[in-house]
Amino acid sequence: MQAAEVKVGDLTREEAEAELARLARKIADANQAYHAEDAPEISDADFDALKRRNAEIEARFPELKRSDSPSEQVGAAPSEGFAKVRHRVRMLSLANAFEDDDIRDFDGRVRSFLNLGAKAALAFTAEPKIDGLSLSLRYEKGVLVEAATRGDGAEGENVTANARTIDDIPQRLEGAPDVLEVRGEVYMSHADFAALNERQAAAGAKTFANPRNAAAGSLRQLDPKITAGRPLKFFAYAWGELSDPLADTQIGAIERLSDLGFSTNPLTTLCDGPAEMLDTYRAIEAGRVDLGYDIDGVVYKVNDLSLQARLGFRATTPRWAIAHKFPAELAWTRLEKIEIQVGRTGALSPVARLQPVTVGGVVVSNATLHNEDYIAGRDSKGAPIRPDAEGRGKDIRIGDWVQVYRAGDVIPKVADVDLSRRPEGTAPYRFPDTCPECGSDAIREEGDSVRRCSGGLICPAQAMEKLKHFVSRAAFDIEGLGAKQIEAFFHDDLLPIREPADIFTLARRDEENGLRRLKNRDGWGETSAANLFRAIEERRRIPLNRLIFALGIRHVGEVAAQDLARHFGTWAALIDAIDTAFPAEERHRKAEEAVLAERQAAEDVGRRARIKESRDAVWEADPALPQAARDAWADLIGIDGVGATLAVSLISAFHQKAERASIDRLVAHLTIEEVARPQTEGSPVAGKTLVFTGSLEKMTRAEAKARAEALGAKVAGSVSAKTDLLIAGPGAGSKAAKAAELGVETIDEDAWLALIEGH
Ligand code: IVH
């Protein structure tokens with residue numbers, strides 16, 4: 001019998017000694033395979049089992065413990081992964097478009113932002129959107145010094161050693177600006193992908209699902225020798241920090257990059273407007289099958305770089321570019337079941353369980369059905385969708401033959417139903433009116449297309465989804481604690497995580513569990529447990545915007561969280577505003593409810609409109625309402641991008657007892673960093689609150705606002721005591737009057753331009 005199969009309690013001394021030697025070797029080999037090579041030889045669970053067995057034998061025969069004992073090697077593990085790199089210029093993503101009209105709208109939006117007439121010349125480049133992963137290459141004095149992946153856009157991974165192994169990436173440049181960050185896409189060709197998978201399969205190593213995954217897996221190898229053996233390619237299409245401009249135009253900059261020795265995409269075309277852009281799109285789409293590498297659309301960019309600079313960026317995407325994705329792919333299959341998932345805000349979402357079907361090369365077995373109206377065949381206003389011959393909306397039933405639609409990486413959806421293939425004896429689907437997870441009433445509010453569980457944090461599904469959101473990438477982003485681990489910890493009785501604060505007590509609670517500590521469990525080991533606790537420790541410091549977003553409050557997405565963080569600066573200021581505004585919010589909400597009830601009763605449209613107008617007057621005149629509450633409310637809803645719906649959601653969340661207590665417990669563990677403000681050195685308007693009113697002539701309102709924000713100002717929608725400056729164009733009305741009344745400084749557009757000139 002092999003010693004490995006003998007129970008630890010039955011081992012003789014000699015057997016134990018031999019077994020410890022064998023385990024030390026196996027664990028060392030597995031460590032090497034895991035950290036330095038591509039394919040781990042054994043599963044995590046088996047690895048942990050080896051370490052456990054080793055620890056048990058050492059506990060029984062302490063005198064036999066080896067000098068190279070694997071149990072002593074915590075923290076001495078090989079490289080923990082890649083070092084982080086902070087991007088000096090954020091790496092952004094692109095907004096998506098699917099229809100031809102979206103492209104005309106894009107041209108229209110650019111024109112309106114820049115105040116260009118419909119006739120003015122406005123050129124765009126069109127080029128394939130490569131389906132790979134983006135990489136930023138930093139050259140200093142012509143020498144490649146750093147290569148970083150995109151990561152979350154602000155911070156990526158340092159993959160310099162790997163990038164040096166890619167033939168398309170020059171190590172040195174002649175005649176380049178002193179500082180030059182070249183950005184582009186790493187990808188793998190179809191032929192190289194097929195050959196790589198064959199090699200992998202022959203070697204018994206893992207194969208990749210598609211070229212994109214293969215490229216990503218190859219670039220993110222800890223051992224550059226492995227990357228060197230992988231046939232990666234690189235197209236340059238953009239840039240980050242620059243000491244000198246590359247050119248005046250996008251197309252010129254691409255030519256310059258090509259002259260410097262980079263591969264640029266040969267299909268890049270200069271177009272004089274939407275018609276040519278769409279022609280180019282169709283030409284690229286037609287040639288797609290013969291390209292030999294994957295593309296998933298066409299990217300259009302404003303050609304004039306000075307216009308790009310004026311257009312600037314939204315939160316995560318440039319205003320001057322858009323990705324026109326190739327159309328979705330369709331397939332028909334049987335709808336086997338409808339399941340209801342309960343989301344983080346209690347929304348009940350119907351999910352179609354389908355007979356698996358291949359849609360555009362991917363096997364789909366689940367698809368969204370949106371909401372109860374969608375299943376019933378009507379839109380949110382009650383109008384029919386999927387009309388039949390008589391114009392009635394077709395409903396979707398279990399057993400139906402349905403069409404599945406998939407566009408890019410978007411969640412597939414059930415798009416249509418074939419009534420001619422409907423089985424006998426089916427009945428319309430009945431949407432549940434109680435929560436399938438906790439049994440609470442599931443309520444659909446007036447004006448909401450979604451039915452929601454009213455259980456709040458007592459609903460386990462909501463609590464768990466909130467936690468998953470909390471650890472997600474744009475929120476706390478804790479390495480080693482993803483959705484899968486959250487589910488396991490949520491159901492764990494020994495070391496549970498039931499709310500965010502529990503994450504930060506995990507390590508301490510684990511220490512109290514003696515022999516049953518995390519590191520001794522299946523799927524965990526000394527290293528992985530230590531890494532998790534370290535990753536959690538690192539996140540005790542958190543930027544304010546991430547914290548706000550992480551709370552998972554309805555309507556408070558990444559952008560709104562950023563707006564709130566910028567406006568209030570600190571957690572204390574935010575809480576103070578929320579608490580101060582509470583009485584106003586309550587009144588606003590009650591008035592709104594009353595209005596909704598009244599409107600439901602009112603038949604004629606004119607009366608409905610009048611009811612709406614009178615809404616806020618109801619409580620604004622209430623003398624019992626403290627002025628501070630009124631001001632705090634006005635300040636909150638005056639933040640551009642906030643508004644009453646979001647404010648209600650935010651304040652209600654903080655005034656639900658259980659939720660507030662949970663937030664307070666969390667915050668006690670954190671150090672909250674102020675949000676990083678834009679570079680505003682010397683800015684004349686940094687930290688000031690501005691309001692624009694009337695018509696501007698030299699800049700559109702959108703551009704003025706973007707400029708002001710880039711200079712560190714807050715732009716509000718209405719004038720209040722907190723307004724520092726009103727910029728009033730011709731036709732300024734009540735806002736100018738109010739500013740005069742409050743003694744707020746008011747200037748015209750020319751004075752505004754003079755003020756910001758040169759900044
Ligand atoms: S431009 C500031 N051009 O698409 C915008 N991106 O969905 C910089 N991509 O993260 C991107 N081909 O990884 C640009 N020709 C192309 C591209 C391209 C692929 C990727 C890139 C980006 C993603 C956005």
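Predicted model, so just to flag it, every value in this text is computed and none were measured. One-based numbering, in listed order, for ligands and for the atoms of each. Side chains included, hydrogens not; waters and symmetry mates left out as well; all remaining heavy atoms used. Residue numbers start at 1 and run along the sequence shown.
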Checklist entry - Do any nitrogen or oxygen atoms of Ser93 come within less than 3.5 Å of a nitrogen or oxygen of ligand 1? => result no
Checklist entry - Relative to each other, are the rings of Tyr293 and Tyr187 parallel, tilted or perpendicular (30° and 60° limits)? => result tilted
Item to check | Plane angle bin for Phe106 and Phe124 - parallel if under 30°, tilted between 30 and 60°, otherwise perpendicular | outcome: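 Geometry flag for Phe106 against Phe124: tilted rings.
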Heavy atom under 4.0 Å from ligand 1: found in [X]'s side chain, backbone, both, or neither?
| X | value |
| --- | --- |
| Glu185 | side chain |
| Pro318 | side chain |
| Leu94 | both |

Next on the checklist: Quick check on contacts: which atoms of ligand 1 are under 4.0 angstrom from a heavy atom of Leu92?
Outcome noted: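 By the 4.0 Å cutoff, the relevant atoms are 10 (O).
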Next on the checklist: Closer than 4.0 Å to some heavy atom of Glu127 - which atoms of ligand 1 meet that?
Outcome noted: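 With Glu127 as reference, the close atoms of ligand 1 come out as 3 (N), 15 (N), 16 (C).
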What protein heavy atom is closest to [atom], reported as residue, atom name and distance in Å?
| atom | answer |
| --- | --- |
| atom 14 (C) of ligand 1 | Tyr237 CE1, 3.2 Å |
| atom 12 (N) of ligand 1 | Ile130 N, 3.0 Å |
| atom 4 (O) of ligand 1 | Lys129 NZ, 3.2 Å |

Is any NZ, NE, NH1 or NH2 atom of the basic residue among [X] and [Y] found under 4.0 Å from an Asp or Glu carboxylate oxygen of the other?
| X | Y | answer |
| --- | --- | --- |
| Arg282 | Asp100 | yes |
| Asp107 | Arg104 | no |
| Arg707 | Glu703 | no |

Does any N or O in the side chain of [X] come within less than 3.5 Å of the main-chain N or O of [Y], such that one atom is a donor and the other an acceptor?
| X | Y | result |
| --- | --- | --- |
| Arg183 | Ser136 | no |
| Thr227 | Asn162 | no |
| His469 | Phe549 | yes |

Determine whether any heavy atom of [X] lies closer than 4.0 Å to an atom of ligand 1.
| X | result |
| --- | --- |
| Ala323 | no |
| Pro128 | yes |
| Lys301 | yes |

